[in-house]
Visitor: 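Quick one: this structure, given as structure tokens, is what I'll be asking you about.
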Number of protein chains: 2
Amino acid sequence: MMTRLQRKNNPAALRLRLLDCAAQLIVEHGLPALTLDGVAREAGVSKGGLLHHYSSKDALIGGLFEMVVDWFGGQVEAAIDPDETRPARFSRAYLQVIAQIDMSVPSEKRLAVLILMLSSDPHFCARWTSWVEAQLREHQATDQSPVARCMRLAADGLWLSDLGGGPDSVATVRHEILQFLETLGTGRQS
Amino acid sequence: MMTRLQRKNNPAALRLRLLDCAAQLIVEHGLPALTLDGVAREAGVSKGGLLHHYSSKDALIGGLFEMVVDWFGGQVEAAIDPDETRPARFSRAYLQVIAQIDMSVPSEKRLAVLILMLSSDPHFCARWTSWVEAQLREHQATDQSPVARCMRLAADGLWLSDLGGGPDSVATVRHEILQFLETLGTGRQS
DNA sequence: TGAAACATACCGTCTGGACGGTTTTTTTCA
DNA sequence: TGAAAAAAACCGTCCAGACGGTATGTTTCA
């Protein structure tokens with residue numbers, strides 16, 4: 001028996017769940033496996049219900065992209081130590097967020113989706129680039145050195161590597177890499 | 001008028017053309033746009049003809065996998081200096097191949113983009129990973145250090161960055177990064 | 001009560017691929 | 001050698017199901 005007070009509808013939560021299920025499908029079975037029927041089934045809702053919130057497949061994908069970018073941006077911003085004055089301040093936070101991804105946690109699979117979307121659609125790619133460039137302008141005093149750039153590039157590589165569960169995503173190896181990158185950042189400035 | 005001697009069929013060439021057209025479709029319109037009808041049409045052959053050579057869509061995609069892995073593997077192998085004795089021998093070659101990809105050369109760009117796009121397929125990821133791991137076993141004496149790993153990770157990042165034409169793909173910046181990575185490799189060993 | 005939130009039913013198109021042919025090339029063997 | 005036999009290459013048609021999307025309900029809630 002159900003209590004009277006609990007509301008049956010929770011559209012905001014459903015929208016989130018829809019995006020998460022879409023992400024899950026993409027990560028587990030590749031982009032072509034993303035279907036409206038599949039997402040609806042996974043989210044325990046009818047296709048009509050899905051289409052009520054995202055009026056087309058493109059709208060769904062677009063929503064997914066925005067959510068993931070927003071999420072990542074927030075994470076990075078939160079990871080920037082306000083008292084930090086060393087060079088590569090932003091890049092270090094960028095690396096830290098990516099390094100801390102635990103692919104066994106469902107919500108963090110969102111990041112994997114981001115990379116998949118980037119590598120498949122030039123439109124999203126351009127959007128991502130513009131985000132990065134904006135961040136770079138904001139932190140141009142600290143994050144334009146080759147060291148900083150390499151940190152971010154390695155972070156991207158690590159990110160990509162997490163997708164396939166390659167050798168660099170093993171915990172101990174990963175830790176070694178991160179330590180090395182850390183010493184790199186503190187060492188010098190170009 | 002046609003000479004008698006020329007053969008009408010050329011199955012090997014057709015198989016190549018089929019893979020080529022498939023690659024083109026993926027690069028231009030994304031992985032979900034890869035259809036048997038589309039490939040057959042583009043290659044100027046019937047769908048039956050296509051299915052004769054690749055008995056299913058999976059088989060066709062599998063053919064693409066092998067093609068790109070072979071290509072990249074060959075490039076790296078060719079880039080390894082046989083007289084080289086320094087550490088990170090393999091990783092340096094790996095980086096060099098990626099760094100030398102000229103996105104303004106269509107054939108190179110197609111292969112490079114294709115590989116990234118295929119990354120959205122878990123099967124491809126597994127295959128790619130197994131290749132990397134095999135290479136790593138072969139070069140375990142020289143390429144297991146954090147420095148070597150970071151070189152490869154940064155190479156992957158650079159690759160991804162090339163896709164979107166981000167700030168790190170600008171020639172001068174790129175050169176700076178590569179120089180920095182080079183000094184990294186010669187510096188020390190873990 | 002009416003607007004938002006969802007469900008159900010349905011449609012037109014596309015897609016993978018099965019199938020039975022025909023033509024071309026290679027192999028067999030007398 | 002060369003004709004017969006086998007195999008490979010390729011074509012055109014057809015179909016069951018999946019897919020994105022619409023149209024029309026029914027329920028929920030402010």
Side-chain angles (χ1 to χ4, degrees), chain A residues 1-26 28-65 67 117 120-121 123, chain B residues 1-26 28-65 117-118 120-124:
Chain A
M1 52 191 80
M2 50 174 109
T3 72
R4 278 275 182 77
L5 290 178
Q6 72 187 3
R7 48 178 295 159
K8 283 190 168 182
N9 289 349
N10 193 344
L14 176 56
R15 266 193 293 270
L16 257 182
R17 201 164 73 243
L18 286 169
L19 294 183
D20 269 335
C21 289
Q24 178 99 357
L25 280 182
I26 292 179
E28 284 182 0
H29 302 103
L31 230 120
L34 182 73
T35 68
L36 296 184
D37 288 284
V39 173
R41 191 185 334 119
E42 203 74 13
V45 77
S46 70
K47 192 159 71 169
L50 159 57
L51 281 167
H52 170 72
H53 291 289
Y54 298 98
S55 57
S56 74
K57 191 178 183 181
D58 275 350
L60 177 68
I61 295 179
L64 182 56
F65 182 77
M67 177 190 85
M117 298 181 85
S120 65
D121 194 330
H123 182 256
Chain B
M1 52 187 84
M2 51 172 105
T3 71
R4 277 279 180 75
L5 291 177
Q6 73 188 2
R7 46 181 293 159
K8 281 189 163 185
N9 291 346
N10 194 344
L14 175 57
R15 265 193 294 271
L16 260 182
R17 197 163 77 242
L18 286 170
L19 289 183
D20 231 41
C21 292
Q24 177 131 348
L25 280 182
I26 292 178
E28 284 182 359
H29 302 104
L31 225 132
L34 180 73
T35 68
L36 296 184
D37 288 288
V39 174
R41 189 183 337 115
E42 203 74 13
V45 77
S46 71
K47 193 156 68 169
L50 159 57
L51 282 167
H52 171 73
H53 290 288
Y54 297 98
S55 57
S56 73
K57 191 179 183 179
D58 274 350
L60 177 66
I61 296 180
L64 280 178
F65 287 179
M117 288 200 165
L118 285 177
S120 69
D121 187 321
H123 294 100
F124 176 73

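Proteins get letters first, then strands, A, B, ... in listed order; numbering begins at 1 in each. Note that the structure is predicted; figures quoted are calculated from it, not measured.
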Visitor: For the residue pair A/L64 and A/L18, establish whether any side-chain heavy-atom pair is separated by less than 4.5 Å.
Guide: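 With C-beta onward as the side chain, the pair stays apart.
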Visitor: Generate the contact string for nucleotides 13-27 of chain D. Rules: B means base contact, S means sugar-phosphate contact only, - means no protein heavy atom under 4.0 Å.
Guide: ------SBBB-----
Visitor: A/R15 CZ to C/dC6 C1': how many Å, rounded?
Guide: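 The answer, rounded to whole Å, is 13 Å.
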Visitor: B/H52 side chain N/O closer than 4.0 Å to the phosphate oxygens (OP1, OP2) of D/dC10?
Guide: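 For D/dC10, OP1/OP2 do not have a side-chain N/O of B/H52 under 4.0 Å.
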Visitor: Checking A/D121 against A/H123: is there a side-chain donor and acceptor pair closer than 3.5 Å?
Guide: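 There is no such pair between these side chains.
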Visitor: With heavy-atom distances below 4.5 Å as the criterion, would you say the side chains of B/S120 and A/I26 are in contact?
Guide: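 Counting from C-beta outward, B/S120 and A/I26 never come under 4.5 Å.
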Visitor: Provide, to the nearest angstrom, the distance between the CG atom belonging to A/L14 and the C1' atom belonging to C/dA5.
Guide: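 My rounded result for the distance is 9 Å.
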Visitor: Report yes if the side chains of A/L19 and A/Y54 come closer than 4.5 Å at any heavy-atom pair, otherwise no.
Guide: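 Side-chain contact under 4.5 Å: yes.
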Visitor: NA contact type, A/L50, heavy-atom cut-off 4.0 Å: base, sugar-phosphate, or nothing?
Guide: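 Touches nothing.
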Visitor: Which pairs pass salt bridge (Lys or Arg N to Asp or Glu O under 4.0 Å) with one or both residues in residues 33-48 of chain B, sequence neighbours excluded?
Guide: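 The answer is B/D37-B/K47.
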Visitor: Would you say the side chain of A/D20 lies within less than 4.5 Å of the side chain of A/M67, judging by non-hydrogen atoms?
Guide: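 A/M67 reaches A/D20 side chain to side chain.
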Visitor: Rounded to whole Å, how long is the line connecting atom CG of A/N10 with atom P of C/dC6?
Guide: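 Taking atom P of C/dC6 as the reference, CG of A/N10 is at 8 Å.
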